[in-house]
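In what follows, a structure is listed as structure tokens, so that the remarks can point back to it.
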Amino acid sequence: MTQAADLYQDIILHHSRAPRHFGQLEQHSHHIKADNPLCGDSYELFLQIDDQGIIRNATFQGAGCAISKASTSLMLDAIIGKSIQEAEELFIHFQRLVKEPGSPESQDESMGKLAAFSGVWKFPSRVKCAILSWHAMHDVLHHN
Amino acid sequence: MTQAADLYQDIILHHSRAPRHFGQLEQHSHHIKADNPLCGDSYELFLQIDDQGIIRNATFQGAGCAISKASTSLMLDAIIGKSIQEAEELFIHFQRLVKEPGSPESQDESMGKLAAFSGVWKFPSRVKCAILSWHAMHDVLHHN
Amino acid sequence: MNTTLPAKHVFPALQQKIKGHNLIWLDSASTTLKPQPVIDAVYQYYAQCSANVHRSVHTPGEEATAAYEGSRETARQFLHAKSTTEIIFTAGTTDGINLLATSLSRGMLQAGDAILITQLEHHANIVPWQMLRDHHGIELRVAPISDKGDIDLEAFQAMLTPNVKLVAFSALSNAIGTVLPIKEMIQMAHRIGAWTLIDAAQAVATMPMDVQELDCDFLVCSGHKMFGPTGIGILYGRETLLEKLPPARTGGDMIKSVTFEKTTFNDLPAKFEAGTPNIAGAIGLAAAINFLATVPFHDIQKHESALVASAQEKLAEIPGLRFIGTPRQQMAIVSFLIDNVHPHDAGSLFDDDGIAIRAGHHCAQPLMQHFQVPATIRLSFSLYNEENDIIKVVDSMKRIIEVFA
Amino acid sequence: MNTTLPAKHVFPALQQKIKGHNLIWLDSASTTLKPQPVIDAVYQYYAQCSANVHRSVHTPGEEATAAYEGSRETARQFLHAKSTTEIIFTAGTTDGINLLATSLSRGMLQAGDAILITQLEHHANIVPWQMLRDHHGIELRVAPISDKGDIDLEAFQAMLTPNVKLVAFSALSNAIGTVLPIKEMIQMAHRIGAWTLIDAAQAVATMPMDVQELDCDFLVCSGHKMFGPTGIGILYGRETLLEKLPPARTGGDMIKSVTFEKTTFNDLPAKFEAGTPNIAGAIGLAAAINFLATVPFHDIQKHESALVASAQEKLAEIPGLRFIGTPRQQMAIVSFLIDNVHPHDAGSLFDDDGIAIRAGHHCAQPLMQHFQVPATIRLSFSLYNEENDIIKVVDSMKRIIEVFA
Ligand SMILES: Cc1ncc(COP(=O)(O)O)c(C=O)c1O
Ligand SMILES: Cc1ncc(COP(=O)(O)O)c(C=O)c1O
């Protein structure tokens with residue numbers, strides 16, 4: 001896979017056209033901005049984290065490229081119901097998946113649908129798109 | 001003549017070893033500094049110009065390379081007894097002589113010993129040495 | 001399209017294959033490809049002469065100095081400056097504007113003075129003036145543009161109050177291709193005694209710039225956007241002004257004498273060039289200017305105008321396509337958006353077909369804010385582009401739209 | 001002399017004839033000759049990739065970005081910096097010092113603070129600090145050197161009072177070859193909490209520079225003095241300091257977002273690199289570093305020390321010759337004067353024999369004033385010089401002396 005067309009796997013296209021968890025979350029504990037002024041990608045994330053540190057619910061809104069939108073949508077899919085620590089671990093795995101050629105994560109079935117991003121490393125300028133919302137989430141969880 | 005050795009004609013070497021009009025002139029109407037900090041050439045010129053605008057006497061002191069020293073010595077030789085206007089004209093001719101290939105001045109017998117500088121244009125970095133004191137003199141006469 | 005245009009093979013970069021396709025370079029507004037004579041000139045300097053300038057008595061040093069100062073004369077002729085003392089070599093347009101801003105801030109501009117720019121400036125012609133605003137109390141005014149992307153000359157005029165000391169604007173917008181009425185704007189600025197700075201970064205490869213005819217006070221451009229090397233640019237300044245301006249950067253070569261107590265600065269243009277300059281860059285830039293001189297600007301403009309017109313016509317047929325910027329006079333550049341296709345995604349997919357376009361804000365975020373878009377797809381044309389490039393773009397675009405349909 | 005040294009034919013400039021003679025380049029302190037791999041790297045960029053960096057999604061742009069950022073990593077390794085965020089590409093040493101001075105002047109230094117330099121600095125490490133003195137009320141102190149050309153460490157220590165905020169000095173004097181005890185000086189400066197800037201312009205091609213081992217806060221050098229291109233240099237800065245420093249130049253690439261009201265600056269190192277950088281320069285510099293990596297510094301120093309020792313020995317026999325600068329540790333450079341022969345005249349006549357030396361003040365006028373000479377004849381050695389060069393210099397020198405006898 002070195003054609004960019006392969007980057008746009010069905011699952012990515014699907015989530016970019018019809019993102020899940022899209023919209024504002026009235027009841028949230030965290031409101032996060034994820035901006036990449038360079039591309040014009042700009043999202044707001046809403047997380048509802050409970051006292052036990054479990055991410056109960058999450059939504060996002062905003063605009064950006066297909067990669068960043070699908071990545072945000074799939075990220076929320078993946079972290080809802082998880083603990084902060086589990087989300088943080090997933091962040092580390094996802095980062096490796098999109099940045100490193102032949103990462104263990106690209107073989108790891110537990111990555112689920114996130115595996116769709118396993119070819120992003122071949123397009124360095126798009127890595128930022130894939131990881132934008134993840135970084136924003138991490139920044140907040142990390143300082144939690 | 002493209003060898004620098006040819007630049008150092010006997011007359012130049014002679015005037016650089018034993019410059020004429022060397023020393024301070026007690027009675028002077030003009031005291032001029034000619035500095036080229038880039039090479040470290042540094043001279044003081046003393047001119048005695050009378051009411052009729054005739055350069056009655058002139059001397060110089062200071063240190064610098066053979067080209068600049070000989071040029072200063074020969075310049076004073078050439079302008080003593082001349083009028084300001086004649087000295088200014090000579091400046092223009094000398095400038096052409098040292099800057100322009102095949103200038104009319106290089107064929108002009110009236111340039112006298114100054115003809116020794118007719119090859120300087122081939123050594124652009126040395127043109128400044130040959131013309132240093134001339135420029136300083138011109139600056140003063142011009143504003144006279 | 002035009003026989004005076006150089007053959008494409010003069011640009012070795014066009015020989016390369018991108019993902020199996022011949023490269024189609026539609027990103028000249030970012031940087032132009034380099035013709036062989038420019039590449040060779042840089043090579044020659046490093047391989048043969050490769051000495052430092054200005055302070056040597058040896059032959060390689062005299063040759064390097066002659067080549068470097070000869071490049072200055074070439075640049076002078078190119079911009080029609082009166083004298084080589086008015087040609088300062090910089091590292092590029094951004095560097096030239098920063099140099100000028102620093103120098104102006106050292107006593108030439110006072111708190112309460114104003115600088116007027118336009119809404120379509122590149123960040124390079126915005127942020128350095130914001131620094132003067134923030135650090136020196138200079139007011140920064142922005143002349144608005146219309147929905148089509150034209151300068152609003154009435155508003156511009158109204159902003160030209162007596163405390164405006166400098167008016168700085170692009171000759172050609174890098175984001176949407178607007179050609180500004182710079183001669184008129186310069187005259188308007190001069191009427192209130194303001195200095196004028198032309199950002200000619202985009203213009204120089206497309207339109208002749210005659211500083212005497214324009215009567216501008218300053219002009220900046222970049223080598224790499226006019227077929228020349230990176231790391232080199234020109235700051236033109238009117239001699240009488242440059243004489244008054246204090247140096248912005250200091251060090252070797254720009255001084256006459258140094259003691260620890262006091263330094264005497266050198267004459268123009270050395271006063272503004274501190275340290276060992278980009279000698280290879282200047283020599284390559286001169287080669288680029290000589291290359292440009294082989295193609296009349298009239299032919300370049302005819303060629304690029306035809307490409308712009310053709311692109312506008314063919315792209316207009318694509319459903320969901322919207323042009324960003326439709327100014328009265330548009331040159332070399334076409335910017336647009338497509339429903340449901342983000343510019344960055346389009347950019348990646350164009351690349352699959354060997355087509356290099358630009359997706360982004362083109363370092364003109366305030367202009368993007370004006371159009372209320374985060375980014376555009378930008379095609380920029382140069383003399384090596386051809387009609388066929390546009391046909392390929394349209395084909396590719398249709399394929400891309402399908403991906404996201 | 002040493003088998004690990006590169007063959008002379010790697011330097012194409014050495015193939016040229018000067019007035020019928022093979023070029024003998026003894027002016028490396030001014031600028032070094034370029035090895036073929038450096039020339040080729042620059043050529044390749046222009047011929048193949050030739051795209052702009054950082055903002056493209058197309059393949060040439062990604063390649064250019066990878067090459068440019070890869071060069072930063074190469075530079076990081078070369079200087080042993082912790083992180084590439086600490087490596088700022090500049091236009092050269094002078095540019096790096098000016099950039100730092102401008103940044104420091106924006107709030108990091110206050111009137112009454114002092115900067116300490118030494119008496120043997122290059123103008124590039126004097127005049128920018130004089131500007132801070134003249135425009136911002138910073139005190140400028142100068143640590144004296146001995147008659148031999150060594151730093152007077154006692155006086156240096158005495159000048160390190162608590163208001164000294166920055167201590168800036170050369171690692172290797174370009175005029176007389178003094179090797180300064182920089183590690184000791186850095187420790188002394190740090191004891192009073194001052195920052196340290198190393199001017200490594202001359203040192204980098206001769207001595208390993210390990211910023212972590214030295215523990216310096218800033219370091220500057222130039223590409224063209226280390227076998228690399230013109231128009232490129234490095235400013236190393238300790239990350240914690242660079243984080244605090246405001247940007248010195250502004251424009252594209254160094255910003256995160258721009259509105260007319262407010263601009264947010266980018267992260268390191270972009271914060272300090274405004275506009276299109278010298279991409280070819282950075283790539284060529286990395287090639288130069290890779291070239292240098294093929295020759296152990298130990299071998300370079302052994303080679304150059306042998307040449308210095310040989311030159312000192314042979315020149316000492318010439319009647320009327322006087323060395324300027326005879327420091328404890330001397331590297332790569334020998335400066336001298338000859339009775340009745342002005343350095344410039346010598347320079348012109350050396351050129352007749354194809355020998356390129358430098359005559360002048362070497363942009364170190366205050367040092368010349370210390371020795372009370374207007375100029376010197378300077379031989380500077382690099383890895384392509386050989387014993388035979390010195391023999392030729394001595395022969396030539398004798399001939400020159402006769403001319404003026
Ligand atoms: C010790 C030293 N510092 C600074 C410089 C200035 O370097 P550049 O001219 O490359 O900016 C030089 C170059 O001569 C030097 O030798
Ligand atoms: C109109 C305009 N101004 C300034 C610049 C900045 O030029 P550089 O990056 O060469 O400094 C550009 C380049 O994109 C431009 O298009």
Side-chain angles (χ1 to χ4, degrees), chain B residues 1-19 22 33-44 60-74 98-99 116-136, chain D residues 16-21 27 30 122-123 126-127 175 320 324 335-378 395-405:
Chain B
M1 184 178 104
T2 54
Q3 290 285 52
D6 302 326
L7 189 60
Y8 296 93
Q9 307 221 342
D10 280 349
I11 195 152
I12 293 181
L13 289 174
H14 179 74
H15 276 261
S16 79
R17 276 192 214 104
F22 202 74
K33 290 205 167 188
D35 282 327
N36 183 352
L38 247 53
C39 329
D41 291 348
S42 176
Y43 300 105
E44 284 175 275
F60 80 110
Q61 60 186 21
C65 68
I67 306 289
S68 64
K69 195 181 274 178
S71 167
T72 310
S73 172
L74 282 156
V98 297
K99 283 190 175 171
F117 294 94
S118 65
V120 176
W121 63 269
K122 289 173 192 158
F123 305 90
S125 64
R126 308 309 302 279
V127 168
K128 271 197 183 165
C129 307
I131 208 127
L132 177 65
S133 292
W134 290 81
H135 258 294
Chain D
Q16 74 192 294
K17 297 270 180 196
I18 302 296
K19 300 193 173 169
H21 303 270
D27 200 14
S30 170
H122 186 279
H123 293 163
I126 300 173
V127 192
I324 305 298
S335 247
F336 58 92
L337 277 178
I338 305 198
D339 287 350
N340 303 321
V341 183
H342 190 278
H344 268 76
D345 295 317
S348 288
L349 290 162
F350 271 125
D351 188 60
D352 278 353
D353 295 332
I355 299 171
I357 60 93
R358 184 139 300 240
H361 53 57
H362 320 297
C363 289
Q365 284 184 350
L367 181 63
M368 297 292 116
Q369 287 146 19
H370 169 75
F371 285 111
Q372 294 185 297
V373 299
T376 76
I377 300 172
R378 180 186 74 183
D395 284 351
S396 196
M397 195 72 247
K398 287 181 182 155
R399 191 181 59 80
I400 294 168
I401 290 173
E402 262 167 41
V403 171
F404 294 98

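All chains are named by letter (A, B, ...) in the order of the sequence lines, taking the proteins before the strands, and each is independently numbered beginning at 1. No experiment lies behind these values; they were computed from the predicted model shown. Keep in mind that the numbers below use all heavy atoms, side chains included, and drop hydrogens, waters and symmetry copies.
- Residues D/S348 and B/A4 share a closest heavy-atom pair of O-CB, 3.1 Å.
- When the heavy atoms of residues 364-373 of chain D are compared with those of chain B, the residues falling under 4.5 Å are D/Q365, listed by number.
- Here B/S68 contributes atom OG and D/H344 contributes atom NE2; the two are 9.5 Å apart, rounded to the nearest 0.5 Å.
- Residues of residues 126-133 of chain B lying under 4.5 angstrom from chain D, judged on non-hydrogen atoms, are B/R126 in numerical order.
- By the neighbour-count criterion of 12 heavy atoms within 6.0 Å, atom CG of D/D395 is densely surrounded, having more than that number from other residues, nucleotides or ligands.
- Listed by chain and number, the residues in a side chain to side chain donor-acceptor pair (under 3.5 Å) with D/K19 are D/D351, D/D352 (sequence neighbours excluded).
- When heavy atoms are compared at a cutoff of 4.5 Å, B/L13 approaches chain D solely by way of its side chain, counted from C-beta outward.
- Applying the salt bridge (charged side-chain N to carboxylate O under 4.0 Å, His left out) test to B/R17 and every residue at least two apart in sequence or in another chain returns nothing.
- Without hydrogens or angle criteria, D/D345 side chain to B/A66 main chain gives a donor-acceptor distance under 3.5 Å.
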